[in-house]
Amino acid sequence: MNTAVTELLGIEVPVIQGGMAWVAEHSLASAVSNAGGLGIIAAANAPADFVRTEIRRTRELTEKPFGVNIMLLSPYAAEIAQLAAEEKVPVVTTGAGNPGPYMKQWKEAGIRVLPVVASVALAKLMQRAGADAVIAEGCESGGHIGETTTMALVPQVVDAVSVPVIAAGGIGDGRGVAAAMMLGASGVQMGTRFLVSRECVIHPNYKARVLRASDIDTAVTGRSTGHPVRQLRNRMTREYIKKEQEGCTFEELEAMTIGSLRRAVQEGDVDHGSLMSGQIAGLVKKEQSCREILEELMAEARAAAAGFPG
Ligand code: TUI
């Protein structure tokens with residue numbers, strides 16, 4: 001399926017894997033890239049040495065393009081930005097902030113830069129700063145989210161910029177891919193579907209909870225702190241939201257979340273961990289390889305598009 005995004009990135013299918021913190025490492029990234037999509041390594045809150053090793057391991061496992069996601073709230077964001085330029089990674093995606101200060105450095109290194117935006121204003125700013133495309137992420141996504149839904153955000157971003165737009169948030173099958181294209185997107189980014197892929201190395205308890213989830217099983221914590229995060233409901237989210245309603249301080253709330261994603265991903269603690277997941281979890285019912293996921297997705301998208309009148 002050729003689109004402006006496959007052309008731009010030199011990939012075969014217009015699907016980018018989300019830069020999921022603590023989840024998206026070399027095994028998942030290389031599997032998605034080898035299957036024809038764009039695999040992403042998440043730098044999250046990790047220091048540069050860790051991310052450098054992940055980049056090198058990915059390069060050993062694939063000759064295809066891949067990317068690094070830079071989480072801009074990280075204390076190491078500036079050094080990861082520098083590392084991406086030094087390593088000349090093919091693609092950088094960013095999240096949770098404005099990557100403006102790093103754009104020149106990345107462009108000079110020949111990197112394709114795809115900032116994740118949650119508003120038209122940031123999309124326009126990113127285009128002016130030299131972004132090659134923008135990822136318009138709706139609040140159906142897992143993890144740190146904005147305010148607007150994918151359905152409302154994507155066409156408004158498409159109308160506001162001339163660079164290709166990649167839709168993210170709430171997309172988990174080929175119908176979602178076709179719908180995103182109808183809204184004017186040239187590709188999609190998916191996280192939750194890849195979270196339960198065979199090559200994704202998270203704890204089996206975490207995968208089982210995603211596979212068991214229904215449509216209403218996510219909740220958003222942190223609205224009161226300005227860092228809203230979508231995750232599967234569990235004991236931790238219930239306690240957190242109760243504390244938010246009681247007006248607990250920022251520090252108390254932050255203390256509850258420190259280490260919570262690692263507890264979910266590595267220890268499989270489904271009660272106290274942060275099981276970040278998008279609202280589409282209810283649609284994701286089986287573990288598959290990344291190749292199976294991408295093949296199924298493209299077949300479904302073609303069928304959905306063929307069935308559309310006109
Ligand atoms: O970044 C994400 N998703 C994430 S990051 C993450 S790690 C984390 N964990 C706990 C707390 C905070 C982060 C888990 N999931 N998605 C991309 C995304 N970016 N969604 C929303 C935004 C965003 C929001 C506001 C981007 C820019 C922005 O404003 C920038 C500005 O300065 O105008």
Side-chain angles (χ1 to χ4, degrees), residues 16-25 40-46 51 67-77 80 92-103 113-129 131 133-150 152-154 157 165-171 188-192 194-195 202 206 218-232 236-237 240 244 250-251 253-265 273-279 281:
I16 298 177
Q17 167 233 315
M20 298 169 281
W22 280 92
V23 170
E25 44 63 80
I40 300 283
I41 300 162
N45 277 318
V51 181
V68 172
N69 175 266
I70 303 182
M71 208 280 281
L72 296 162
L73 293 171
S74 165
Y76 303 105
I80 306 289
V92 160
T93 67
T94 64
N98 175 353
Y102 311 118
M103 296 290 279
V113 183
L114 318 179
V116 174
V117 301
S119 68
V120 165
L122 189 61
K124 286 165 124 172
L125 198 64
M126 292 298 93
Q127 171 168 272
R128 275 206 300 281
V134 292
I135 303 172
E137 189 186 278
C139 59
E140 297 93 324
S141 296
H144 180 65
I145 53 170
E147 284 287 339
T148 310
T149 62
T150 304
L153 181 67
V154 171
V157 172
V165 176
I166 295 151
I171 301 168
V188 301
Q189 176 183 275
M190 296 195 318
T192 305
F194 288 121
L195 193 56
I202 61 170
Y206 190 166
T218 68
V220 178
T221 57
R223 288 210 194 272
S224 66
T225 67
H227 289 157
V229 171
R230 184 179 299 286
Q231 52 215 302
L232 293 179
M236 192 278 286
T237 64
Y240 189 105
E244 277 191 297
F250 178 80
E251 287 72 25
L253 292 167
E254 283 295 285
M256 282 186 75
T257 59
I258 290 177
S260 62
L261 184 55
R262 191 192 56 77
R263 276 199 291 280
V265 170
S274 169
L275 302 163
M276 291 188 191
S277 166
Q279 289 183 323

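Counting begins at 1 with the first residue of the sequence. Whatever order the structure lists them in is the order used to number ligands and atoms, beginning at 1.
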Exercise. Number the atoms of ligand 1 from 1 as they appear, then name those within less than 4.0 Å of a heavy atom of Gly97, with their elements.
Key: 26 (C), 27 (C), 30 (C)
Quiz item: With atoms numbered from 1 as shown, which atoms in ligand 1 lie under 4.0 angstrom from a non-hydrogen atom of Gly143?
Solution: 14 (C), 15 (N)
Quiz item: Is any heavy atom of the protein nearer than 4.0 Å to atom 26 (C) of ligand 1?
Solution: yes
Self-check item: Criterion side chain to side chain contact (heavy atoms under 4.5 Å, CB included) on Ile41 and Glu25, from CA distance to verdict
Solution: CA-CA 5 Å; Ile41 300 162; Glu25 44 63 80; 5.7 Å; no
Self-check item: Shortest non-hydrogen contact from Leu153 toward Glu137
Solution: CD2-O, 3.4 Å
Quiz item: Looking only at heavy atoms, which two atoms of Thr192 and Ser277 are closest? And how far apart?
Solution: CG2-OG, 3.8 Å
Practice problem: Look at atom 20 (N) of ligand 1 and find which of Met276, Gln231, Glu137 reaches it with the closest heavy atom. | Solution: Glu137
Practice problem: With atom 33 (O) of ligand 1 as the reference point, say which of Thr257, Leu122, Val116 has the nearest heavy atom. | Solution: Leu122
Of the protein's non-hydrogen atoms, which lies at the shortest distance from [atom], and what is that distance?
| atom | result |
| --- | --- |
| atom 8 (C) of ligand 1 | Met71 CE, 4.1 Å |
| atom 10 (C) of ligand 1 | Val229 CG2, 4.0 Å |
| atom 32 (O) of ligand 1 | Asn98 CB, 3.8 Å |
| atom 12 (C) of ligand 1 | Leu73 CD1, 3.7 Å |
| atom 2 (C) of ligand 1 | His144 O, 3.6 Å |

Exercise. State whether the shortest distance between N or O atoms of Thr94 and N or O atoms of ligand 1 falls below 3.5 angstrom.
Key: no
Quiz prompt | Nitrogen or oxygen of Ala96 less than 3.5 angstrom from that of ligand 1 | solution = yes
Pairwise distance [atom1]([X]) to [atom2]([Y]) - rounded to 0.5 angstrom:
| X | Y | atom1 | atom2 | result |
| --- | --- | --- | --- | --- |
| Thr93 | Asn69 | OG1 | CG | 3.5 Å |
| His144 | Met276 | NE2 | CE | 10.0 Å |
| Phe194 | Ile202 | CZ | CD1 | 13.5 Å |
| Ser274 | Trp22 | OG | CH2 | 12.5 Å |

Quiz item: Would you say His227 touches ligand 1, if touching means a heavy atom closer than 4.0 Å?
Solution: no
Quiz prompt | Qualifying residues under salt bridge (charged side-chain N to carboxylate O under 4.0 Å, His left out), relative to Arg223, sequence neighbours excluded | solution = none
Quiz item: What's the verdict on side-chain hydrogen bond (donor to acceptor under 3.5 Å, both in side chains) for Gln231 and Thr218, showing C-alpha distance, side-chain angles and the deciding distance?
Solution: CA-CA 5 Å; Gln231 52 215 302; Thr218 68; over 6 Å; no
